[in-house]
Every structure is written in C-alpha cells, then in structure tokens.
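See structure below.
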Amino acid sequence: MRTEEFLKLSRAAVSELIHERLSSGRLEPFAGQDRRRLPRWPFPGQVEIRPADDPHAPPTFFDCRNLSETGLGMSGSEGFEIGTRVELSLHLPEATLYGEGVVRYCMRVQSRYMVGLEFLFDE
C-alpha cells in the first residue's frame, strides 16, 4: 500500500497490513498476556476519532498501541464511555483506514486513557 491511499476499514484491509509487516520482518508479536481470540500486534500510528452521532464534533487524537484483525488499542488524553460508537481514521505509514468502531474498554492509567476499540465492518 502507498502512503496516499485511503482505504475503507475492512477485516481484509487490516489483515493485509498485519501480514505485510510480518512478511517484511518489521513486526514482532505482542509480549503481554492476552485473552483475545485473535493475536494483537504492536502497531504505532495515530488514531483520529469522533462520536458517530456527532459528525461536527472536533476529532480526538490517540496513539495507536496495538492492532488485531477486529480492533485496536490506543492511548490518549481523553476517555470515552464504553459502548460509544465512533468514526475513526487510522493513520499509518502504509495507508489511512477509515470506518467505524465501538469503545469496548476505557481506563485511566496515570495521566492518560487506555482505550480499546472493536471495529464495525460493513461486511
């Protein structure tokens, strides 16, 4: 994928990103304990989100921490209510993915919030 590409968020697009980094040797598995159904991978990037029910709300920016085929973990200075539907853009060197997700986890850790999003695919 090229930097100028903007891709609709899909499981196939996320899987391709993960496999592209795996095959290039630029990706190591997440080292922590994991209770998830699918593996997650450290995946630095920037996530831009806003509540899906308020398209005029200013975006909130987070640091992407990890990515799996069904969601991502991120950290930032603001928290969101669990269950909030959001519009998101995931900005990575390879591409920008855009779509929707739902907040499944949010916890304040020191001065930041750790937030987990589940992707909502159209498929």
Side-chain angles (χ1 to χ4, degrees):
M1 288 184 239
R2 294 185 313 266
T3 306
E4 67 269 18
E5 290 186 4
F6 289 84
L7 304 173
K8 177 73 174 147
L9 183 65
S10 70
R11 192 169 184 152
V14 175
S15 180
E16 183 179 335
L17 279 171
I18 292 169
H19 288 91
E20 188 176 290
R21 286 201 187 178
L22 277 171
S23 65
S24 70
R26 296 182 302 147
L27 191 60
E28 296 291 326
F30 178 71
Q33 278 188 316
D34 213 337
R35 299 176 299 176
R36 290 158 180 81
R37 290 174 276 141
L38 296 167
R40 60 183 168 153
W41 307 92
F43 233 88
Q46 188 173 60
V47 185
E48 178 181 352
I49 66 171
R50 73 181 81 229
D53 63 355
D54 187 359
H56 301 293
T60 303
F61 293 90
F62 289 82
D63 296 323
C64 184
R65 296 293 191 207
N66 57 68
L67 181 72
S68 77
E69 289 185 18
T70 58
L72 61 80
M74 59 189 186
S75 68
S77 60
E78 295 185 41
F80 280 82
E81 292 280 328
I82 293 173
T84 302
R85 280 182 73 126
V86 297
E87 293 178 353
L88 69 101
S89 296
L90 173 58
H91 305 287
L92 301 168
E94 298 92 341
T96 292
L97 280 76
Y98 66 92
E100 290 193 0
V102 62
V103 176
R104 294 295 184 206
Y105 175 86
C106 184
M107 179 179 281
R108 187 173 178 88
V109 178
Q110 297 176 350
S111 63
R112 297 184 63 83
Y113 288 88
M114 300 303 293
V115 179
L117 288 182
E118 177 183 1
F119 297 138
L120 298 175
F121 299 125
D122 291 340
E123 315 158 341

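Just so you know, these numbers use all the heavy atoms, side chains as well, and skip hydrogens, waters and symmetry mates.
Clustering ILVMFWY residues whenever any of their side-chain heavy atoms sit less than 4.5 angstrom apart, transitively, puts Met74 in a cluster other than the one holding Leu120.
Side-chain contact between Glu16 and Ile18 is absent, with no heavy atoms from C-beta onward closer than 4.5 Å. For the pair Val14 and Leu67, the minimum side-chain heavy-atom distance is below 4.5 Å. Thr60 has its side chain out of reach of Val86: every pair of non-hydrogen atoms, C-beta onward, lies at least 4.5 Å apart. A 4.5 Å side-chain heavy-atom check between Phe61 and Ile49 finds every atom pair outside the cut-off.
Other members of the cluster containing Tyr105 are Met107, Val109, Met114, with ILVMFWY side chains joined at under 4.5 Å, either directly or via other members.
For the atom pair Asp122 CG and Arg11 CZ, the distance stands at 14.5 Å (nearest 0.5 Å). Here the straight-line distance linking atom SG of Cys106 with atom CD1 of Ile82 works out to 7.0 Å at 0.5 Å rounding. Here Ser77 contributes atom OG and Asp63 contributes atom CG; the two are 9.5 Å apart, rounded to the nearest 0.5 Å.
Take Glu100 and apply the salt bridge (charged side-chain N to carboxylate O under 4.0 Å, His left out) test, not counting sequence neighbours, and it matches Arg85. Residues satisfying the ring pair (Phe, Tyr, Trp, His ring centres under 6.0 Å) criterion with Phe119, sequence neighbours excluded, are Phe121.
Heavy-atom minimum distance, Gly79 versus Tyr113: N-CD1, 3.4 Å. Pairing each heavy atom of Leu92 with each of Gly45, the nearest pair is CD2-CA, 3.9 Å.
The only member of Leu90, Leu88, Val102 that meets side chain to side chain contact (heavy atoms under 4.5 Å, CB included) when paired with Leu117 is Leu88.
The closest donor-acceptor contact from the side chain of Asn66 to the backbone of Gly73 lies under 3.5 Å. Checking side-chain atoms of Arg112 against main-chain N and O of Ser75 turns up a donor-acceptor pair under 3.5 Å.
Within the structure, the salt bridge (charged side-chain N to carboxylate O under 4.0 Å, His left out) test picks out the following pairs touching residues 47-61 (sequence neighbours left out): Glu48-Arg50.
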(request) Mind running side-chain contact (heavy atoms from CB on, under 4.5 Å) on Phe62 and Val115 for me, showing each step along the way? (result) CA-CA 9 Å; Phe62 289 82; Val115 179; 3.9 Å; yes
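Side-chain contact annotation: Ser15 with His19, donor-acceptor N/O pair under 3.5 Å present.
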